Trainee: 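The structure that follows is given in the form of structure tokens.
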Amino acid sequence: MIRLQVKSVLDQCFLQGVAEGIWSDAGEGKYTVELPKHEGQGDFSSNIALLLAGIEKQNPRQIAAKIVEKLILETELFDRVEIAGPGFVNFFVNSNVWRGLIPHIMAEGSQYGRSEIGSDRKVMVEFVSANPTGPLSIGHGRQAILGDSIARLLEATGHNVYREYYYNDAGRQMRVLGESTRARYLELLGEKSEFPEDGYQGEYIVEISQSLVDEKGDSLKDHRDVTVFKEQAEKFIFKGISSTLKRMGIVFDNYYNERSLYDDGYIDDVVSQLREKGYVYEKDNAVWFKTTEFGHEKDRVIIKSSGEPTYRLPDIAYHREKFRRDFDWLIDIFGSDHIATVPDVMAGVEALGYDPAKVTVVLHQFVTLTRDGKQVKMSTRKANFITVDELLDVVGVDAVRFFFMMRKADSQMEFDLALATRQSQENPVYYVQYGHARICSILRQAAERGVERVVVDTVDMSLLQEPEELNLLKTMSTFPTMIENAALELAPHKMIFYLIELASQFHSYYNKHKVLTDNVGLTQARLSLVESLRVVMKNGLDIIGLTAPEKM
RNA sequence: GCCCUCGUAGCUCAGGGGAUAGAGCACAGGAUUCCUAAUCCUGGUGCCGCAGGUUCGAAUCCUGCCGGGGGCACCA
């Protein structure tokens, strides 16, 4: 927020220069005000002179000098402004400006860092979308956490967020699931059965079959139709999935069943719409979608010669429904195995007259599973995956959420349950939470020692002289901007790295300086500082769905 | 063969046009009569995969190559 003050002063200065004819307005909006990497380069730094020099073909340091001349009048905000290196303009902000952040944060409380930049825009985040063939695996876990934390960040920035889970409980996969369940059922009854060659081998199938034995005894022994078995399996598996999601703190607004697209006639609708617009033709008894009209290499089949649609058609119809439900922004979280379907769906969206720019696809790389140092190919069918529930059992919710948020979506993750168990104790989530708990402990101590707290406005903040204190304030001041960036870039890992940095600065400070001192004024000032710091930590943890313990 | 994506310290990963490229882990040593040692302090490491190009300036953008992963069906 203080960066924005600096930026606006610089903007005025730039416009003044334009008015005076010193430089043209070609550089407008191109220069930046940033936090320099190294000490001695000020609190903020701008490349404005370097940029204008390029445009005006002048010496950057001379341009910088003209800028500084105009700026120097702003004495309240800056201690000094320097020209450095090839022509950077470095701003040294008055310490009192930083100190002023404390009462500001205290006044904002749980609102500090949150904003309304989303202007209540309706956003749908679609994620997980696993078909009910088995419990959620590690890979789904990553997607679940990624999607949910993106949704949370968007909520924190004033978006109206809707979480949706899209699934398909029809088709071959589900039939095999039903057959697998029946086979296990017959086994449990001691009957002869043939387990399907590509059946689901997981232990959970046995549990489902057992539940059928418990409920129906052997009455299903001669059922040739697998529907009963399939439905029981689906019911069980969905119950498991939603309870796993709930354990992770994730609740969906809606589960959207692909089958309803057929029941409501939307599939046929889409085909006839595409046909009307001339994007569809028949060949070899199949119906083709002219994706070549959208720059693709070849056309794609949307209805097979058997009369069944390919997966593309419902995907397109589903996206049409998303648009028709009047969302301003559609976010799809997919694993990298869905890469190929994205262009087809986008072409469909465009063909139907909707704006593909409203769709953002977040692709995340896979989690690769290793056992005993060897990579294992995960498969629900072969049941050699690690479930999210197992992970939650050994590691706990906060550590799991943190673990999956730590890496940006497009980096691959290696996963080893033994390693994760061992490392759960050293998960950085505890480092951050411990920072929060430590501050709470200081505040408790203060109360126990009978330190009387005064109103924040009457505290003499100028007693905060230590560089560590000012640095903490500087980091705290970037919190709102960091959240905006994390939200709009759909990058929850930015919050994680910020919180680790903030905690690190605090732990150092804690070890070097005492908050509770013999000096009454200084104690008050430091208590105010750590109290506002606690607010920032708490808000940060809250926003991405982590707890902020008061004791550890 | 074509498309997408990643390649940064021994390992796991940040940084994604800006000045001297960072953190954690691992390794070694040290800190607690005093607010929680789940903490802190000190110690060094990099042809930023390779080669070109764009730019005042490239780990960052573009092209090609190499390597890992994913995809390229009238499977989902």
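Convention: sequence-line order gives letters A, B, ...; per-chain numbering from 1. This is a predicted model, so every value here is computed, not measured.
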Trainee: A:E297 side chain: which of B:A19, B:G18, B:C2 is closest?
Mentor: B:C2
Trainee: Students often mix this up, so state it plainly: with edges at 30° and 60°, are the rings of A:F497 and A:H493 parallel, tilted or perpendicular?
Mentor: perpendicular
Trainee: Look at A:E28 together with A:K30 and state whether they make a salt bridge at an N to O cut-off of under 4.0 Å.
Mentor: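 Looking at A:E28 and A:K30, the cut-off is not met.
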Trainee: When the P atoms of B:C47 and B:C66 are considered, how many whole Å apart are they?
Mentor: 22 Å
Trainee: Below 3.5 Å, does any donor atom in the side chain of A:N47 face an acceptor in the base of B:A19, or the other way round?
Mentor: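 No pair found.
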Trainee: Provide the distance between the two P atoms, one in B:A9 and one in B:C48, to the nearest whole Å.
Mentor: 9 Å
Trainee: Between B:C56 atom P and A:I55 atom CD1, what is the distance in whole Å?
Mentor: 12 Å
Trainee: As a test of reading the structure: which of B:C40, B:C2, B:C35 is closest to the side chain of A:Y510, going by heavy atoms?
Mentor: B:C35
Trainee: Quick check on the 6.0 Å ring-centre criterion: do A:F334 and A:H364 meet it?
Mentor: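 So the answer is no for these two rings.
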Trainee: Under a 4.0 Å threshold between the charged nitrogen and the carboxylate oxygen, would A:D263 count as salt-bridged to A:R259?
Mentor: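 Salt bridge flag = no for A:D263 with A:R259.
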Trainee: Could you pull out the protein-nucleic contacts involving nucleotides 74-76 of chain B (nitrogen or oxygen on both sides, under 3.5 Å)?
Mentor:
from, atom 1, to, atom 2, distance (Å)
B:C74, O2, A:S305, N, 2.8
B:C74, O2, A:S305, OG, 2.8
B:C74, N3, A:S305, OG, 3.4
B:C74, N4, A:D284, O, 3.1
B:C75, OP2, A:K304, NZ, 2.6
B:A76, OP2, A:Y311, N, 3.2
B:A76, O3', A:N168, ND2, 3.3
B:A76, N6, A:Y311, OH, 3.2

Trainee: If you assign each of A:L50 and A:I442 to its closest nucleotide in RNA chain B, which residue comes earlier from the 5' end?
Mentor: A:L50
Trainee: Got a second to check how far A:S260's OG is from A:Y255's OH, nearest 0.5 Å?
Mentor: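 One finds 15.5 Å between OG of A:S260 and OH of A:Y255.
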Trainee: Using a cut-off of under 3.5 Å, enumerate the N/O to N/O pairs linking the protein to nucleotides 4-11 of chain B.
Mentor:
from, atom 1, to, atom 2, distance (Å)
B:U5, O2', A:Q365, NE2, 3.2
B:C6, OP1, A:D410, OD2, 3.4

Trainee: In dot-bracket notation, what is the pairing pattern of RNA chain B, taking Watson-Crick (N1-N3 plus N6-O4 or O6-N4) and G-U wobble (N1-O2 and O6-N3) contacts under 3.5 Å, with [ ] crossing and | for other strands?
Mentor: (((((((..((((....[...)))).(((((.......))))).....(((((..]....))))))))))))....
Trainee: Side-chain donor-acceptor contacts of residues 279-289 of chain A below 3.5 Å, not counting sequence neighbours, with atom names and distances?
Mentor:
from, atom 1, to, atom 2, distance (Å)
A:Y281, OH, A:D299, OD2, 2.7
A:E282, OE1, A:R275, NH1, 2.9
A:W288, NE1, A:K283, O, 3.2

Trainee: Quick check on the 6.0 Å ring-centre criterion: do A:Y167 and A:F238 meet it?
Mentor: yes
Trainee: Going from CD1 on A:I83 to CD1 on A:I67, what distance comes out if it is rounded to the nearest 0.5 angstrom?
Mentor: 8.5 Å
Trainee: What's the gap between B:A14 and B:C25 when it is taken at their C1' atoms, as a whole Å value?
Mentor: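 Rounded to whole Å, the distance is 14 Å.
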Trainee: Any luck finding a side-chain donor-acceptor pair between A:S137 and A:H140 under 3.5 Å?
Mentor: yes
Trainee: Between B:G52 and B:C72, how far apart are the C1' atoms? Round to whole Å, please.
Mentor: 30 Å
Trainee: Can the ring centroids of A:Y318 and A:Y266 be said to lie less than 6.0 angstrom from one another?
Mentor: no
Trainee: Without hydrogens or angle criteria, can the side chains of A:Y262 and A:N257 be said to hold a donor-acceptor pair below 3.5 Å?
Mentor: no
Trainee: Rounded to whole Å, please give me the gap between NZ in A:K512 and C1' in B:U32.
Mentor: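 About 18 Å, once rounded to whole Å.
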Trainee: Sugar-phosphate atoms are those with a prime plus P, OP1 and OP2; base atoms are the rest. Using that split, label each nucleotide of nucleotides 20-30 of chain B B, S or - for protein heavy atoms under 4.0 Å, 5' to 3'.
Mentor: B-S--------
Trainee: Any salt bridge between A:D198 and A:K382, counting N to O under 4.0 Å?
Mentor: no
Trainee: Does anything in residues 479-491 of chain A pair up under side chain to side chain donor-acceptor pair (under 3.5 Å), and if so which pairs, sequence neighbours excluded?
Mentor: A:E489-A:K494
